[in-house]
Amino acid sequence: MTMRFIAMLCATVAGAAAAVPATAEDTVKLAYVDPLSGGGASIGEVGLKTYNYLAEVTNAQGGIAGRKLEIVGYDNKLNAQETLVQVQKAIDAGVRFITQGNGSAFAAAIEDFVTKYNERNPGKEVLFFNYAAVDPALTNDKCSYWHFRWDANSDIKMTALTNYMKTRPNIKNVYLINQDYSFGQSVRTQARKMLAEKRPDIQIVGDEVHPLLKVTDFSPYIAKIKASGADSVITGNWGQDFALLLKAAADAGLQVDWYTYYAGGTGGPTAIKQANLPDRVYQISEGLPNAPYPPAQDFEKAFRAKTGVSLFYPRAVNEIRMFAKAAQEANSVDPIKIAAKLDGMKVTVLNGGDGFMRSEDHQFFQPMYIANLGPLGKDQPFDEENTGWGWKVTGKIDTQDTILPTTCKMNRPS
Amino acid sequence: MLELVTISALNGVLYGMLLFLMASGLTLIFSMMGVLNFAHASFYMLGAFFGFQISELIGFWPAFFIAPVLVGGIGALVERYGLRYVHRHGPVAELLFTFGLAFVIVEIVQMIWGKGPADYRVPSSLDFSAFTAFSTNYPAYKMFELLTAIAIFAVLLLLLTRTRVGLIIQASLTHPHMVAMLGHNVPRVFMLVFGVGTGLAAVAGVIAGPALVTQANMAAALGPILFVVVVVGGLGSLSGAFLASLLIGLVQTFAVSINLSVADVLRPIGVAAPSGGALFDVWNVTVAQIAPIIPYLLLVLILIFRPTGLMGSREH
């Protein structure tokens, strides 16, 4: 019985692997390498939905240089080893464009892999479109010509966030709690450094890191935050690490302001509503459903009607639009030609305003927004996760004020 | 200081009781049937999703009773039509069977409810704070969790040691042929035990669902720690599992609140920290940072120094 069962299981797995459709000449494949199982699955699924929708829209408007854009999902299980296995699998299946976002450690692995691969396989170059991995190193010390990042890196976000916090005199004691990996570490060091420069009177009363997506009970951490006397918390937590943190805070009745990167992720708004923290959870991002720009709101409406979720990745829209634009201008789907067009490209971003892909390091710059979540008011058409609460823009940072220097010394193909 | 100690103790006990809720079924199945059920956490997850679905339809309280019965029923069917055949091929086959079953259940749950978190909320009848200690609220729901865990512990202990049913169950494990000769249906006893064990996992799921996040990875998140509880407590010992749950809950909670590193301990006695290299990290990592892995360290130490666990009597 057991043997038969295992044999059946093996057969199912093998069948699923063989079901990859045959390569067609008139399609361009974009491999989506992100978690589709385990702790990050809920986030990865939303991303995949977003890209599938974007492919549909792009194809209705002429596709990528006349070819059909096809998104192929690859599950990296939030594991660096598995990420590279999946990237190799994608390349073997004829994919020349890869997109990934969840986890800077995995983005670094792909960036490194793609750079080496392109060196060894001239004529078969692969491009890496990074839509959410925000470790600054990816466009600084580790920068690569083949990597393009559409999300503002964590230093840019922290600059914007601290510029806003500077103007809030009620902030006196700040607590830092972050996930223990490259991104979380970068958030805590930058927060310390920038707050010390901009508001030396602010006390950092706690600086905590916890394992990534492993903690089920955050109440001990909340007890510590409470004991520290903090009035504000800065966290880069995402996914269940954010939802569980907020739930534990709600249970303990912790009343502080939260300055976050990813409060709007799946489950976040629900947790904030349950915690009953109206207008006290802030998020820094490159766009929001309620940002006052009609074309973006129309896009949001159509997106929600089709997918049933709110658009968490305006940057993905910019990414695919620029991908299509570059292919059109180059009149080709050759990665080398597309990379050359993307390098330095200027566009109007989804939420309005100017954006550009800086040539020196392939970091995209765009206007940034600070918003908090609360009951819907005037001119706020969209709520989040059916909570009746939505994002309210409280601050906007223009593109030129988000520009930071880079240490990148890019190795360009001759 | 007193505040942090009190709060940590309370949090530790609460977390420990949640662990016990889950571990009780696992240890019951192991002590009565000798089956180490790898799919146990999956039944816990199934309980949470059933609880969520039934709460949506007819409310939390009916769900609290119906979901465990349904999941227990599924558990009994698994025993009757799966495990019973595998049992003949020995414990390794059983282990592999439950191992595979865990994956199957996760896939089925993902197919039905998706990979995102379900919006499973604390019922309004329990959504208030029970008491406040040092300005920290303790929700009534957590107290409900605590009381349920204690009640289950008491009932199971009495059932197994003080009743006729308990006697037959215990005898069935050690002397199945003799018990069968005396006219008892031994396979049916095993089926019931497995059903009750998985039902207990479902009780934990129904309760933990709103408190934690109800999603398809919740089994994987709590599965490993259950085995720590069962091994530390002593394989098959209910009181051991109770003690171990409390111990692990407290250790983990207190560890989070300790910001001490090797460097802090050695500095006063004049040992300078290395300024770089691999040792730098070891020197500066705080107890709080390694809190989540301390239970596993405990597991390793227990297996080396007291393989039978805290309360285990069974020799393997």
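To find a chain, count down the sequence lines: A is the first, B the second, and so on, and within it residues start at 1.
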With a 3.5 Å cut-off and no angle check, do the side chains of [X] and [Y] form a donor-acceptor pair?
X	Y	value
A/D34	A/Y131	yes
A/E208	A/N178	no
A/N76	A/Y32	no

Turns out that what part of A/K224 lies under 4.5 Å from chain B's heavy atoms comes down to both
For [X], is it the side chain, the backbone, both, or neither that has a heavy atom closer than 4.5 Å to a heavy atom of chain A?
X	result
B/I7	side chain
B/L222	side chain
B/T253	both
B/P210	backbone
B/A211	backbone

Contact between A/S310 and A/E300 at the side-chain level, heavy atoms closer than 4.5 Å - yes or no?
yes
Whether over 12 other heavy atoms sit under 6.0 Å from B/Y296 OH:
yes
Name the option with the most non-hydrogen atom pairs under 4.5 Å to chain B; the candidates are A/N386, A/V209, A/D251, A/D180.
A/D251
Top contributor to chain B interface from A/V215, A/L36, A/T270 [non-hydrogen pairs under 4.5 Å]:
A/L36
Mind running ring pair (Phe, Tyr, Trp, His ring centres under 6.0 Å) on B/Y120 and B/F49 for me, showing each step along the way?
CA-CA 9 Å; B/Y120 188 9; B/F49 276 98; 8.7 Å; no
